[in-house]
Asks: 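I have a structure I would like to understand better, so I am pasting it below and will then ask my questions one at a time.
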2 protein chains.
Amino acid sequence: MKKTSLNDIAQQLGVSKTLVSLVLNGKGNEYRISEDIQKKVKELARKLNYKPNQIAKGLRTGKTNTIGLIIADIANPFFGKLGREIEREAASHGYRVMFCSSDEKAENAKLQIEMLQQGQVDGFIISPPNGSEEQIKQLKNSKTPFVLIDRYFPEIESNCVVVDNLKASCEGTEHLIKNGRKRIACITTNPGMLNMDNRLDGYKKALTDAALEVDENLIKILPFSHEIKDVMEAIKELTSLDENKIDAILFTTSKVGVMGIQCLHLLDLKIPEDVAVVSFDDLDAYKISRPSITAIAQPLEEIGKHSVKILLEAMTDKSKKKELHKIVLETKFVIRNSSIK
Amino acid sequence: MKKTSLNDIAQQLGVSKTLVSLVLNGKGNEYRISEDIQKKVKELARKLNYKPNQIAKGLRTGKTNTIGLIIADIANPFFGKLGREIEREAASHGYRVMFCSSDEKAENAKLQIEMLQQGQVDGFIISPPNGSEEQIKQLKNSKTPFVLIDRYFPEIESNCVVVDNLKASCEGTEHLIKNGRKRIACITTNPGMLNMDNRLDGYKKALTDAALEVDENLIKILPFSHEIKDVMEAIKELTSLDENKIDAILFTTSKVGVMGIQCLHLLDLKIPEDVAVVSFDDLDAYKISRPSITAIAQPLEEIGKHSVKILLEAMTDKSKKKELHKIVLETKFVIRNSSIK
DNA sequence: TTTCTTTGTTAAACCGATTTAGCAAAAATC
DNA sequence: GATTTTTGCTAAATCGGTTTAACAAAGAAA
């Protein structure tokens, strides 16, 4: 039982496939096709359950109605939820989403982008890994519409949707200070990535603003790809400082945060008594954890909606003067038990 | 800067595009194209950064090298991790994955399958929602290769990869019994869905095997789509039973589990002192939760690998006698603090 | 009656690849 | 020298749609 094509309908009715195509694309009246024939075409199409082949359509029109989404890892709940929002918003505009996990490796992202660029997608939403500047430039040169999310490269003018990482981080750190913490550590990752650097800067700014010393010994920067043992090592170093033990940790990603909290439990350090905790990204895990974890929640729905809308605009706007959008959204600070006395 | 096509290369070298296509597809020797010309073609292709248009290729060959994945919700960590495994395995065989979240609604799945079936994917991996039997039958009739995961329909012969839900659930319940629990409740969802029904049966079997009464009052079945308030209501009912208060709960999905644990915390019920907890699916959340949560872990990597491999076989095997595979995998029971004294 | 419009429809090009069938020239065989 | 085989390459069909240009028939205007 092979699928019905335009030609099948045309032949059965003894008309041209042009006519069938016009009618089924709603251009029947515009092209003055008689009502009678229009009705016949539509009826037969329904009867044969005709669905246009999207590949053929895509080849001719150059449109696929598909968005390529390049993120670090769809298994990471942060990206999973973000991906869902993007999928939802895209679907509401008739677009599908091709998900690709880059594992934060520029090489992977390069291959994925190149692959999808061969006529498979109309545009991209990308969370660009460290070192993928060249790839993004190439994308820009090739006039492929795209939107960067979560981070961007200041030296490359492009659409992007991010959050105010510096402010968010600063707010989280201030909260710890206000709650009497004096030796606040920061465990972060992905150095050189703008969003992470901003989060570290926000931490430092809060300390400086409160006239507290920024002690480089309290800052642990993990490699791009880190395992729980890396986090454990960092925490052990932080807690084995002879004088002035740490009394709080700011985790700049939920991945580090989850691992860090596991480590604190393993080391039998009480949260928040021994160490207060604040983490970026709000997970279900943080809500059910005992104590519940204070989190810096990113507005995932907004990020998803904005990025899709901007991309759609870039994809459909024929006028050459494509305006670039740089959207900076606010995070929401959710105070729970891990950070208060 | 538009993309280079086969024709561009052919014209610049003054040869036919047939020749270029043959050379670039490694059939140069087979078709006795001279070494000299082969070299020139390959060089120019590299120089012009030629990448074949996958849409055109797909139209001609009828192959897209894309798999359609229909799951409940990519934001659900269980499906996120599973999706990642499928993406990984597919990529290792040169396939891409189109993710679709059905929200467990048959209508959504129907639209998504119909949409992708129009030449966009070569096959499907599907976690079929309740009520999507007709759609799966249609898929089967249309000879589209597919593999069902997580659940399947016994009345429809098809490839599938699932876990031994009955055994897993039985094991979890037995563990609670062994640890002295006598009034064990079960909160489940999606009635009529085979995997869920099996989990409930496993729970009942363990009770019966231990000569404990199966009290229907202790079984709460939530509607397909449930919110935390539904879970709260169920738990309130369970804990307000006058005589013989419950002393344990088995959650049959992590979504229900996470919500349930939140509720127990809100109600100030101590885990495991007041209520012991065992949940299906192993989340990061369960590892960092205090107490850590005993979980029935599904072998996500195995499920991903098997489903992709079976699908690949179904997609490439030209011999009509497609053997159907029904794979039943074992779960892993991870004992943590939520279920022991 | 002749010419111009309008109406209703279609042939053919096109998108960019793959694949089949075949052709001219050179080499081998008789 | 004539015939067959091999070598090296290409024209054209094809996938299933969309889109452009055009054409015959009928009606309106001159």
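Nothing here was measured: the structure is a model prediction, and the numbers come from that model. Lettering follows sequence order; numbering is per chain, from 1. Below, each value reflects all heavy atoms present in this structure, side chains not excepted, and no hydrogens, waters or symmetry copies.
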Asks: Given D:dT10, C:dT10, D:dG16, identify the nucleotide with an atom nearest to the side chain of B:Leu59.
Replies: D:dG16
Asks: Side chain of B:Asn25 only, heavy atoms from C-beta on: which candidate in C:dT18, C:dT9, D:dT10 is closest?
Replies: C:dT18
Asks: I'd like to know if B:Glu114 pairs up with B:Lys110 as an ion pair, taking the criterion as any Lys NZ or Arg NE/NH1/NH2 lying under 4.0 Å from an Asp or Glu carboxylate oxygen.
Replies: yes
Asks: Around A:Glu157, counting heavy atoms of other residues, nucleotides and ligands shown, do more than 12 lie under 6.0 Å from its CD?
Replies: no
Asks: Salt bridge check: are A:Arg46 and A:Glu43 linked by an N-O gap of less than 4.0 Å?
Replies: no
Asks: Under 4.0 Å, heavy atoms only, any strand: does A:Thr18 hit a base, just the sugar-phosphate, or nothing?
Replies: base
Asks: Let me know, please, whether B:Asn53 or B:Arg32 comes out on the 5' side of the other along DNA chain C by nearest nucleotide.
Replies: B:Asn53
Asks: Starting at atom CD of B:Glu35, determine the distance to atom P of D:dT7, rounded to an integer number of angstrom.
Replies: 14 Å
Asks: Let me know the distance between CG of A:Leu6 and P of C:dA11, rounded to the nearest Å.
Replies: 14 Å
Asks: Hey, is the side chain of A:Tyr50 poking within less than 4.0 Å of OP1 or OP2 on D:dG16, counting only N and O atoms?
Replies: no
Asks: Taking 4.0 Å as the cut-off, does a side-chain nitrogen or oxygen of A:Thr61 come that near to OP1 or OP2 on D:dG17?
Replies: no
Asks: Do any N or O atoms from the side chain of B:Asp73 and from the backbone of B:Asp103 form a donor-acceptor pair under 3.5 angstrom?
Replies: no
Asks: I'd like to know if A:Lys17 reaches the base of D:dG17 with its side chain such that a donor and an acceptor end up less than 3.5 angstrom apart.
Replies: yes
Asks: Regarding C:dA17, can its base be found pairing with the side chain of B:Ser5 as donor and acceptor, where the two atoms are less than 3.5 Å apart?
Replies: no
Asks: With a 4.0 Å cutoff (strictly under), does any side-chain N or O of B:Ser16 reach OP1 or OP2 of D:dC9?
Replies: no
Asks: Atom CG of B:Leu13 to atom C1' of D:dC9: distance rounded to whole Å?
Replies: 14 Å
Asks: Over all strands shown, is A:Ile37 touching base, sugar-phosphate only, or nothing at heavy-atom distances under 4.0 angstrom?
Replies: sugar-phosphate
Asks: Figure out the CD/P separation between A:Gln54 and D:dT18, and round it to whole Å.
Replies: 9 Å
Asks: Side chain of A:Lys27: nearest nucleotide among D:dT18, C:dT9, D:dT19?
Replies: D:dT19
Asks: Check the distance between D:dG8's P and B:Leu19's CG and give it to me in whole angstrom.
Replies: 12 Å
Asks: Okay, side chain of A:Ser21, backbone of A:Lys17: is any donor-acceptor separation there less than 3.5 Å?
Replies: no
Asks: Between P on C:dC15 and NZ on B:Lys3, what's the gap in Å once rounded to a whole number?
Replies: 14 Å
Asks: Look at the side chain of A:Arg60 and decide which nucleotide, out of C:dT18, C:dT19, C:dA13, has an atom nearest to it.
Replies: C:dA13
Asks: What is the distance, rounded to the nearest whole Å, between atom CD of B:Gln38 and atom C1' of D:dG8?
Replies: 11 Å
Asks: Distance check needed: D:dT6 C1' versus B:Glu30 CD, whole Å only.
Replies: 16 Å
